[in-house]
Structure formats: C-alpha cells, structure tokens
Amino acid sequence: MIDLAQLRREPELVTSALGRRGVPAQVLHELLALDAAHRSLLQEAEALRARVKELSRQVADARKSGDLTLTETLQGESRSVGESERALSQAVDEAAAQVRAVLLDIPNIPSDAAPDGAGPEDNVELRQWWPGMDQGQPFPSFADHQRVAHWDIGTELGILDMEAGAKLAGSMFPLFRGAGSRLLRALSSLALDQHSDAYEEIRPPTFALTETMTSTGHLPKNSDDMYAIERDDLWAIPTAEVPLTSMHRGEILNEALLPIRMTALTACFRREAGAAGRDTRGLLRVHEFDKVELFAYCTPEQAEAAQADILARAEALLRALGLAYRVLDLCAGDLGTSSARTFDLEVYTPGVDRWLEVSSVSWFRDYQSRRANVRYRPGGGSPTLVHTVNGSALAWARIWAALVETYRQADGSVELPAVLGGYLGGRTTISRAYAPTSKR
RNA sequence: GGAGGGGUGACAGAGCGGCCGAAUGUACCGGUCUUGAAAACCGGCGUGGGGAAACUCACCGUGGGUUCAAAUCCCACCCCCUCCGCCA
C-alpha cells in the first residue's frame, strides 16, 4: 500500500501522481478525512486509557495503605472511565478499519519514468529483437508452414489436447502430452539452471492464505481473478510472486544479504473472469500455466539494477530460444495495482500472428513490503522497508505456442532449437512418429 | 485424527494478577585499560502509532473474555516439538 504519512505530508504530489493512473482525487481527499477522524478519536481514547492506568496505580497504593473506602471509590471511578474508553476504542477500531479498507484499495504510485497513458494502447515499445537482427537481417517473413496455429499443430502431432483438458477441468485448462509435455519440463529446467548462478531455487506451496495474497496486492482488489478454496481460506496462486514476497514477511533482513534473489517454478492460476471469450483459443489465454519467476528483495538503491537483471535474463532466454519479441514500457494507466514501473515482454507467434505477453518485469518500490512488513536496517540504523522486484523468465504456455509455430517445418514436424537438446534427451524433433497415438 | 509439551526482545531464557516493555546471559554499539588484540570493567542497546513538544498509547503466537489492573487467570483458534494412528 501507499505510505499514508507521505499522503499527509505531500497530498498534492501523491494525488497528481495517482491521477496519472486514474485514481480520482476525491478518493484521496476522503482518505485524508477518514484519517483525520481516526486520529482525533485515537487521541481521545488514549487519554482515557491513560487515566484508567493512572487510577489503577492509585488503587494499588490505596489497597497497600489499607484504605478500603478510597480503594473502592477509585475502583468505581476507574470502572466508569473504563466503560467510556471501551466505547471510544470501538469507534477508533472502526475508523481504523475504514482507513485501511480505502488504503488497501489504492494502487501504487507510478514511477516518474513510467510513460503517460490510460491503457494498453499507450504503452511504449522500447525495442524488438528477432533472430538475425544482430547481423542486419530484417524481421523474419515466416513461411506458410509457420503460419499454422499452435492448436492445430498440437492436435496434428498429438502434443496438445485442449479437449481432454476441458473434459477434466473445463475450458482453458490445457493438457499437454508426450513430447509436448516434455517440452514444458525442458523449458523449466533450462530456465532454472540458467538462473541458478544468482537466484536461489524455491519450490513454494501452490496455495496461499488470504493474508499472503493481501501482501502482494492481489487481495482485496483482484479477488475475482483468483481461484479460492473457501473452506480452508486458501487461494490458488496466480504467480510465484505471491509466496516469494511473503517468504520473509514481518522480518528485518540483514542488509549484507541484500539483494536476496530467488527463482521458482510453479503452476499459476488465473480465472480470467473479465476476459470470457476473448483471445481464448488454444494457449492464448489459459487458467493454468507453468512459469519460472525471478524475484528480489533489495534496497532502494539496488532496485533499478535488480529489475534490469530480471529483464535481461528474460530477454536472454527468448534469444536463446530464437523467438522474436518486443519490450514494452507500460504506461501509468496500464500498470498492475502494485507496480511502480513495469516492462512487458511479448513474443511473436507467427501461426496466430500475434504478440503474446510472456513476462512482466515489475518494480514495486515499497508498496508490497509495506503490506508484508519486510524491512532492513540501512547502515545499522532504524528499520526501513525493502523494495521488491520480480518478473517471469518465463511463462511457458505461450512460449510453447511460439516455439511450435516458429519452428514448424515444411513437413509438419517441429525442429526445436539446440539449446533444448540436452533437456530433451537429444530429441529436438517432434514429429507424428513420436506422438503417442491413443486417439488421433 | 488422538495424547502430551511448548510458543516472551536479534538469539538463549526468567517472569505466571499491580511502575513488566519485561530479569539475566549472549550478540551488537560506545568507552576505560593495552603497542595492538583478547580478557576484564563501565555505559548504551526493541518495534509501531499519536502529539509541535512535554508526553502518551499499543505490542510477550492470534482473537475474544474476566478484572480497578493481564505477559501473568478463562475460552477458542493457529503454529512448533515428542509419541501413537494413517499415508504419497
């Protein structure tokens, strides 16, 4: 969440910055009013509380001196002050809850560096990359045999079975088979191995408590986008960012250990509630996908480099896989709730002729760490919130789509890039012959 | 799931109704001593909220309750450990 003290200190600045991403000034004015009301109630209640404590001390003294009448008088007085204190405290709690509810709903302040804009159309494309670009070649033209959608390729080769997935869990739950399944495993292994030089590999739980989801900013605002297991107060994680951000919740981290960097392979679950029927064929948009995430807790000074490192690693993977992609600098209006600055990576898929988001590399400033209460002591001084940074490297479902489309050969087989060879037991060719044909 | 034990400051560990935000030890910071270091000795050392300040409030797993007063008593829940049961 944003810093309430900062809002009080410089309301115009915060209001105009949040205005860039569409938060009405009215909301902030109301928040300040609620906050002022809360504080004045708090002062009254605390004065009463102090009085009760003072009287209690006097009761102890009176009893010690054996003055029973005085003891009873003081007890009576304390009791009545205590009663009004209790009533006031309840009002204080209610006021505090109101403040918190509004505060939790306010998105992060965008970085000054984030471009202006209201939505996806205003995002700024920073660069593109494609195989051969470094040698001066133009953007690939792609042959007709590459202009086949991955869902057709998947069916043809028996490596993707959307029908079977739908039968088991409903539409938009993909089921990969044979070489298609192994390809996913290979991608995850490749990525995790690549990041292991600087990022500790974590395998977190797939579900998280409401409190955990709140720390990253996924709750309360985006509850419709998540799968819930109400009986156990659990939510299926939409990204490994959720558990990783909360791993050190409530802790004061050793400054010497920063940045603390972690990578995790998890399944990610998205209800995609608002997106019914839109771009939903094949793997364009699915409810469950595997993703390798990169994450860092760092000092404010380290944040920029930490974000750059994650972006560089995600790009390096795309290049290693030989996939054309572009980098977008998200405008203020398109930023995720918790983010101050985000770079999206979109891969080009020739078969469906689209740019698909496969990574979102974000800097959250102290928005998440304030919710999660993760701090460090700069120079041994008083505790200060850390910054969090994360990004995917990468989300595999769409990469899978890009790979089979980009590397489809004239004969209908798929010839995967050599970097994956070691993870595929040397079999970089996927052809009908390898398909375990139970059905087609 | 059943039985028992336990959750207190960075860590260890006392306190079990009345200046307890909390003894003591370790760690850490400053100082004395020393050529330097160690040891010893002296001093300091939690977090958060409110307040211009004086000052004040909260926090001893979490949430309720009893009481003039709760780390201390009562209730519920969570987590950890040991044993039993079950199990990939």
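Given the structure is predicted, the values throughout are model-derived calculations rather than measurements. Sequence lines set the chain letters: A, B, ... in the order given, protein chains first and strands last, and positions in each chain run from 1.
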For this session: Using the P atoms only, state how far G30(B) lies from G48(B), rounded to an integer number of Å.
Result: 22 Å
For this session: Report the distance from atom OH of Y297(A) to atom CG of N390(A), rounding to the nearest 0.5 Å.
Result: 11.0 Å
Exercise. Could you run down nucleotides 55-75 of chain B 5' to 3' and tag each one B, S or - for protein heavy-atom contact under 4.0 Å?
Worked result: -SBS---------BSS-----
Exercise. Does R371(A) reach the main-chain N or O of L104(A) with its side chain, forming a donor-acceptor pair under 3.5 Å?
Worked result: yes
Exercise. Looking only at atom C1', what distance separates U32(B) and A37(B), rounded to whole Å?
Worked result: 15 Å
Exercise. When rounded to the nearest Å, what value does the distance between P atoms of A14(B) and G85(B) take?
Worked result: 33 Å
Exercise. If every non-hydrogen atom of W396(A) is compared with every non-hydrogen atom of A191(A), which pair is closest and at what distance?
Worked result: CZ2-CB, 3.5 Å
Problem set entry | Value in whole Å for how far the C1' atom of C28(B) lies from CD1 of I252(A) | 14 Å
Seminar exercise, completed: In Watson-Crick or G-U wobble terms, with both distances under 3.5 Å, the base opposite C11(B) is G25(B)
Exercise. Is any side-chain nitrogen or oxygen of R377(A) closer than 4.0 Å to OP1 or OP2 of U47(B)?
Worked result: yes
Problem set entry | Residue D112(A) excluded, over 12 heavy atoms near CG under 6.0 Å | no
Exercise. So, H150(A) and W400(A): side-chain donor and acceptor under 3.5 Å apart, yes or no?
Worked result: no
For this session: Determine which pairs satisfy salt bridge (Lys or Arg N to Asp or Glu O under 4.0 Å) with at least one residue from residues 307-323 of chain A, sequence neighbours left out, and list them in order.
Result: R127(A)-E315(A), D197(A)-R313(A), R261(A)-D309(A), D309(A)-R313(A), E315(A)-R319(A)
For this session: Measure from CG on N254(A) to C1' on C11(B) and round the result to the nearest Å.
Result: 14 Å
Exercise. Does one side chain, of E85(A) or S89(A), offer a donor that lies under 3.5 Å from an acceptor on the other?
Worked result: yes
Exercise. Say you pick atom P in C73(B) and the same atom in C19(B); how far apart are they, in whole Å?
Worked result: 16 Å
Exercise. If the P atom of G21(B) is compared with that of U72(B), how far apart are they to the nearest Å?
Worked result: 13 Å
Exercise. For the pair made of CG in L88(A) and C1' in G50(B), what is the distance, rounded to whole Å?
Worked result: 14 Å
Problem set entry | Minimal non-hydrogen separation, E415(A) against T428(A), with atom names | OE2-OG1, 2.8 Å
Problem set entry | Distance, C1' atom - from G7(B) to A71(B), rounded to whole angstrom | 12 Å
For this session: Please tell me if the side chains of V92(A) and E46(A) come closer than 4.5 Å, counting only heavy atoms from C-beta onward.
Result: no
For this session: Could you give the distance separating G61(B) and G50(B) at their P atoms, to the nearest angstrom?
Result: 25 Å
Exercise. If we call it a pair only when both distances are under 3.5 Å in a Watson-Crick or G-U wobble match, what pairs with C83(B)?
Worked result: G2(B)
Write down the protein N/O and nucleotide N/O pairs, taken from nucleotides 51-53 of chain B, whose separation is under 3.5 Å; answer none if there are no such pairs.
unit_1	atom_1	unit_2	atom_2	d
G51(B)	OP1	R39(A)	NH1	2.7

Exercise. Between Q98(A) and E94(A), do the side chains contain an N or O donor and an N or O acceptor separated by less than 3.5 Å?
Worked result: no
Problem set entry | Integer angstrom distance from the P of G6(B) to that of G44(B) | 35 Å
For this session: Tell me the partner of C73(B), counting only Watson-Crick (N1-N3 plus N6-O4 or O6-N4) or G-U wobble (N1-O2 and O6-N3) with both under 3.5 Å; none if nothing fits.
Result: G65(B)
